[in-house]
Chemist: 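There's a structure below that I have some questions on.
In what follows, every chain begins at residue 1, and chains take the letters A, B, ... in the order their sequences are listed. Atom set for the values below is all heavy atoms of this structure, side chains included, hydrogens, waters and symmetry mates excluded.
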There are 2 protein chains.
Amino acid sequence: MSELRESIMRTSLELFEKHGFHGVTVNQIVAASNTSKGGFYHHFQSKDELLFVIHDTFITYVLKEAKAANEIHQSPINKIQAIVKAFVRVFDLYKPHISVFYQESIYLKPEYEKQMKRKRDAFKQMVFQVIKEGQESGDFRRELPMEIVGMAILGMVNWIYKWYQRDGKYSIDQIADVYVDFILHAILPSSSHQQQVFDSHLLERPFFY
Amino acid sequence: MSELRESIMRTSLELFEKHGFHGVTVNQIVAASNTSKGGFYHHFQSKDELLFVIHDTFITYVLKEAKAANEIHQSPINKIQAIVKAFVRVFDLYKPHISVFYQESIYLKPEYEKQMKRKRDAFKQMVFQVIKEGQESGDFRRELPMEIVGMAILGMVNWIYKWYQRDGKYSIDQIADVYVDFILHAILPSSSHQQQVFDSHLLERPFFY
DNA sequence: TTAACAAGACCGACTGGTTGGTCTGTAACG
DNA sequence: CGTTACAGACCAACCAGTCGGTCTTGTTAA
């Protein structure tokens with residue numbers, strides 16, 4: 001790919017994360033990328049396209065990871081574990097993308113917005129499906145409505161972009177493990193706790209206990 | 001207070017929620033509020049002040065509710081239950097405020113931003129404190145780091161603004177009850193589950209079980 | 001080897017439209 | 001008659017996007 005194109009993306013990502021899409025002008029972007037208006041508009045149709053590309057980069061990755069996690073494992077317990085772990089880890093790789101994604105998605109042009117919605121929904125449906133399977137197989141508690149549990153899980157993970165910092169107190173893997181433990185305790189029947197928790201990777205990696 | 005001022009706030013809130021702060025011009029606001037530039041700037045110093053007032057209205061309310069819930073109850077279990085319930089219910093009352101709050105807070109002017117941060121932090125600290133108390137008293141599991149658990153809870157609740165709809169499948173009280181159940185299962189020791197769940201209000205209001 | 005040409009990459013002054021905010025005027029009210 | 005509440009024409013700044021032009025790189029043919 002083009003050197004300059006990559007540079008513009010990296011630079012604008014930082015700027016957008018700090019000041020928001022509307023808080024950054026194209027002139028600022030080209031200045032920070034050591035290029036010009038001409039250079040910018042040679043590689044991007046518009047400022048909006050730049051916003052879209054940022055969105056697409058990250059959501060495409062998440063979707064791919066989730067599909068892989070879903071196919072590799074059989075039981076709902078292992079599936080949800082793998083999806084959550086992969087999902088949480090994404091925040092270490094793509095935090096700037098995600099910040100922009102959630103802060104500015106409202107400003108995507110309709111055509112772009114449609115594409116995003118399709119991919120977002122595909123991911124959401126995968127999570128819902130796993131929970132449903134788990135409830136039907138009896139691995140998960142049946143008392144809790146699948147949709148609310150699903151949104152609770154998506155919410156607690158998505159919110160990570162608001163507070164996670166790479167040099168913070170906890171590593172992304174520690175956070176992922178706590179989240180998995182938290183979620184499994186919440187959705188597994190009480191009787192299977194002991195067993196399940198000890199089966200999980202939490203014992204293999206006793207970071208902070 | 002002034003009739004017009006309230007009208008402007010209501011109207012702009014709807015517009016901001018739908019199109020974002022930058023997607024709405026002052027002219028659109030005054031048109032939708034049946035007033036004029038003069039009317040607007042008679043009541044607000046700037047468009048930014050309007051954004052601030054929206055933020056402040058909601059966060060002040062949340063803080064008040066949380067303090068009340070915290071003072072009324074003694075045990076960490078009841079406290080966390082009450083705080084979560086109150087917190088979730090806020091999304092029914094103030095969903096537009098909250099949407100704007102989380103989407104556009106990045107654009108607050110520094111002076112406004114400072115005030116917001118103080119109140120947000122105060123709320124966060126209350127949640128952290130309750131979890132800490134619970135872990136120290138042995139009511140909550142001690143294996144999970146308080147900060148991560150706290151952010152998980154804040155995240156799953158905060159995310160509600162992305163999907164909750166008043167005329168949706170589940171009422172705000174149902175959602176609140178599921179969240180409380182979900183959280184308590186996650187943070188209570190396994191042994192106390194049976195007991196706790198039956199103690200909670202979940203049995204008093206068997207909506208959908 | 002090199003001159004001629006083409007095409008893509010990049011430059012930056014300029015513009016047209018938009019937008020937050022101001023200012024002068026006026027009507028209602030007490 | 002002064003003060004508050006509002007109206008609406010106006011303005012200055014800003015900003016995404018354009019456009020004519022230059023520079024670089026690759027290709028072809030003599």
Chemist: Cation-pi between B/Lys109 and B/Phe52: NZ/CZ under 6.0 Å from ring centre and within 45° of the ring axis?
Modeler: no
Chemist: Do the ring planes of B/Phe87 and B/Phe91 sit parallel (below 30°), tilted (30 to 60°) or perpendicular (above 60°)?
Modeler: tilted
Chemist: Nearest whole angstrom, please: distance from the P of D/dA16 to the CG of A/Leu51.
Modeler: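 To the nearest whole Å, that distance equals 13 Å.
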Chemist: Aromatic ring centroids of A/Phe21 and A/Tyr107 under 6.0 Å?
Modeler: no
Chemist: For a salt bridge (charged side-chain N to carboxylate O under 4.0 Å, His left out) with B/Asp121, tell me which candidate from B/Arg118, B/Lys119, B/Lys117 qualifies.
Modeler: B/Lys117
Chemist: Between A/Glu113 and A/Arg120, is the closest basic N to carboxylate O distance under 4.0 Å?
Modeler: yes
Chemist: Is there a side-chain contact between A/Arg166 and A/Asp92 in this structure, where contact means two heavy atoms from C-beta onward sitting under 4.5 Å apart?
Modeler: yes
Chemist: Taking only heavy atoms on the protein side, list every residue of residues 20-45 of chain B lying under 4.0 Å from any atom of DNA chain C, sorted numerically.
Modeler: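 Nucleic-acid contacts, sorted: B/Val24, B/Thr25, B/Val26, B/Lys37, B/Tyr41.
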Chemist: Between B/Lys79 and B/Gln74, is any pair of side-chain heavy atoms under 4.5 Å apart?
Modeler: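 The answer is no, as the side chains (C-beta and beyond) never meet within the 4.5 Å cut-off.
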Chemist: If you fit an axis to the five pairs at each end of the helix from C/dT1-D/dA30 to C/dG30-D/dC1, how big is the angle between those two axes, to 10 degrees?
Modeler: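 Here the local axes at opposite ends form an angle of 0°.
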Chemist: Is there a side-chain contact between A/Lys124 and A/Met151 (heavy atoms, below 4.5 Å)?
Modeler: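 Yes, their side chains come closer than 4.5 Å.
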Chemist: Decide yes or no on side-chain hydrogen bond (donor to acceptor under 3.5 Å, both in side chains) for A/Asp48 and A/Tyr112, but give the supporting numbers first.
Modeler: CA-CA 9 Å; A/Asp48 291 285; A/Tyr112 293 142; over 6 Å; no
Chemist: If you walk 5' to 3' along DNA chain C, what is the first nucleotide with an atom under 4.0 Å of a heavy atom in chain A, and what is the last?
Modeler: C/dA9 to C/dA13
Chemist: Can you check whether A/Tyr170 and A/Trp163 have ring centres sitting under 6.0 Å from each other?
Modeler: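 No, the ring of A/Tyr170 stays outside the 6.0 Å limit from the ring of A/Trp163, centre to centre.
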